[in-house]
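Below is one structure; the comments refer to it alone.
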Amino acid sequence: MNKLLIANWKMNPETLREAVRLARAEDLSGVVVAPPFVYLESAGKALRNAHLGAQDVSLSEPRAVTGEISPVMLKNLGVKFVIVGHSERRALGETDEMINKKVIAALKAGLKVVLCVGEPSRPMTRTKNYVKNQLEKDLAGLLKLKAKSSKLIIAYEPVWAIGTGTPDNPKTAAEMISYIKKLLKAKSLKLKAVKVLYGGSVTAKNSAGFFKRPEIDGALVGGASLNAKEFRKIWGNCFIKYGRV
Ligand code: PEP
């Protein structure tokens, strides 16, 4: 399967000028650039090769809800991918029920969904149950929706590895990703060819270890995506060595 790299800028950078510069520097094939909402339009105009992604979306169709951004608004702005259920949003109070509504609303609007799942701590037995429970709740109703595998991407992101400088071991991450793929293929979902990415403290230095595993279909990169030079090295490790662009 072709690999995919997602640059999640989180609440960065501080100016539009820097955002456009970063978007131009990360405009690479096989990449999704996910800036904050306020930079989406300008970043989108700077991209020729990379796709535009949003970091979140409202759970409802357009109606009077102050401060929310609907899936249709994103779609009409040229957004192709949307991150849903990032652990930083879950920590702010987003529940699996809300995440499920976001997944469904975004898919109905024609966006590709990058659903983030991952455990707060190990051991592995507890981890598998935790992630299984998240997937069951977050993807409820997808079979009825007849969602296509190509419209869904899962980012397996152990919470303890995000922004800590302590990534998961590529072997364990690959084991978890195989497990997730098995769950997605089961009768209750029938999602056969979903890309599953790894996320959590990926850097230029450690990225090859993840990309060389065939089970790992790419990465969601946070902190390291704010440094274009570093991000381009990660891209090189991903696509020049291990994946097709
Ligand atoms: C993330 O934002 O999902 C992430 C994985 O961040 P970082 O790469 O900084 O750990």
Side-chain angles (χ1 to χ4, degrees), residues 3-14 18-19 22-23 25-26 28 30-37 39-40 43 50-57 79 81-92 94 96 99 102-103 106 112-122 127 130-131 134-135 138 152-170 172-174 176-177 180 195-211 213 216-238:
K3 303 232 189 237
L4 185 73
L5 256 191
I6 304 183
N8 177 20
W9 295 357
K10 311 194 189 205
M11 202 160 58
N12 299 285
E14 286 185 351
E18 289 170 278
L22 193 55
E26 296 182 351
L28 302 159
V31 165
V32 176
V33 172
F37 287 132
Y39 304 141
L40 277 173
H51 294 292
L52 187 61
Q55 296 176 17
D56 189 25
V57 67
V79 170
F81 292 76
V82 62
I83 299 171
V84 176
H86 193 283
S87 63
E88 287 154 9
R89 299 215 56 81
R90 292 180 191 257
L92 289 173
E94 247 177 50
D96 287 305
I99 290 162
K102 289 185 180 199
V103 169
K112 290 195 183 194
V113 169
V114 182
L115 172 68
C116 300
V117 294
E119 77 288 357
S121 61
R122 289 264 165 91
T127 294
Y130 192 92
V131 169
Q134 281 183 322
L135 285 170
D138 299 348
L152 182 72
I153 293 115
I154 305 291
Y156 168 61
E157 303 206 298
V159 178
W160 51 268
I162 298 178
T164 58
T166 309
D168 196 0
N169 180 318
T172 328
M176 273 308 293
I177 284 174
I180 290 170
K195 281 192 209 298
V196 185
L197 318 180
Y198 167 75
S201 296
V202 171
T203 60
K205 213 166 160 189
N206 65 30
S207 55
F210 293 99
F211 299 141
R213 301 250 160 198
I216 304 183
D217 299 314
L220 198 162
V221 184
S225 73
L226 298 175
N227 178 333
K229 213 167 140 195
E230 172 97 5
F231 186 75
R232 291 176 76 96
K233 280 190 197 158
I234 297 174
W235 182 86
N237 282 339
C238 184

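Note that ligands are numbered from 1 as they come in the structure, with each ligand's atoms numbered from 1 the same way. These numbers were taken from a predicted model, which means no experiment stands behind them.
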Any heavy-atom pair between the side chains of Ile154 and Leu135 that's under 4.5 Å? yes

Mind checking whether Glu88 contacts ligand 1 via backbone (N, CA, C, O), side chain (CB onward), both or neither, at a 4.0 Å heavy-atom cut-off? neither

Is Ala224 in polar range of ligand 1, meaning some N or O pair under 3.5 Å apart? no

With a 4.5 Å cut-off on side-chain heavy atoms, are Leu40 and Gln55 touching? no

Leu220: numbered ligand 1 atoms lying under 4.0 Å from its heavy atoms: 1 (C), 3 (O), 5 (C)

State whether Lys102 and Asp138 are salt-bridged, where the test is any N-O pair (Lys NZ or Arg NE/NH1/NH2 against Asp/Glu carboxylate O) under 4.0 Å. no

Provide the number and element of each atom of ligand 1 under 4.0 Å from a heavy atom of Gly200. 5 (C), 10 (O)

Nearest protein heavy-atom contact for atom 5 (C) of ligand 1: which residue, which atom, what distance? Glu157 OE2, 3.1 Å

With a 4.5 Å limit on heavy-atom distance, are the side chains of Phe231 and Val31 in contact? yes

Quick one: does Val84's side chain get under 4.5 Å of Cys116's, heavy atoms only? no

Are the side chains of Tyr156 and Ile216 in contact, using a 4.5 Å heavy-atom criterion? no

Of all protein heavy atoms, the one nearest atom 8 (O) of ligand 1 is Gly222 N, 2.8 Å

Subset of ligand 1 atoms that lie under 4.0 Å from at least one heavy atom of Gly163: 7 (P), 9 (O), 10 (O)

Go through Arg232 and Glu26 one step at a time and tell me if the salt bridge (charged side-chain N to carboxylate O under 4.0 Å, His left out) criterion holds. CA-CA 7 Å; Arg232 291 176 76 96; Glu26 296 182 351; over 6 Å; no

Ligand 1 atoms in contact with Lys10 (distance to a heavy atom under 4.0 Å): 1 (C), 2 (O), 4 (C), 6 (O)

Taking both backbone and side-chain atoms of His86, is any N or O found less than 3.5 Å from an N or O belonging to ligand 1? yes

Quick one: sort the Phe210 and Tyr198 rings into parallel, tilted or perpendicular, breaks at 30° and 60°. parallel

Could you list the atoms of ligand 1 found under 4.0 angstrom from a heavy atom of Gly223? 7 (P), 8 (O), 9 (O)

Under a 4.0 Å heavy-atom limit, does Ile162 contact ligand 1 with its side chain, its backbone, both, or neither? both

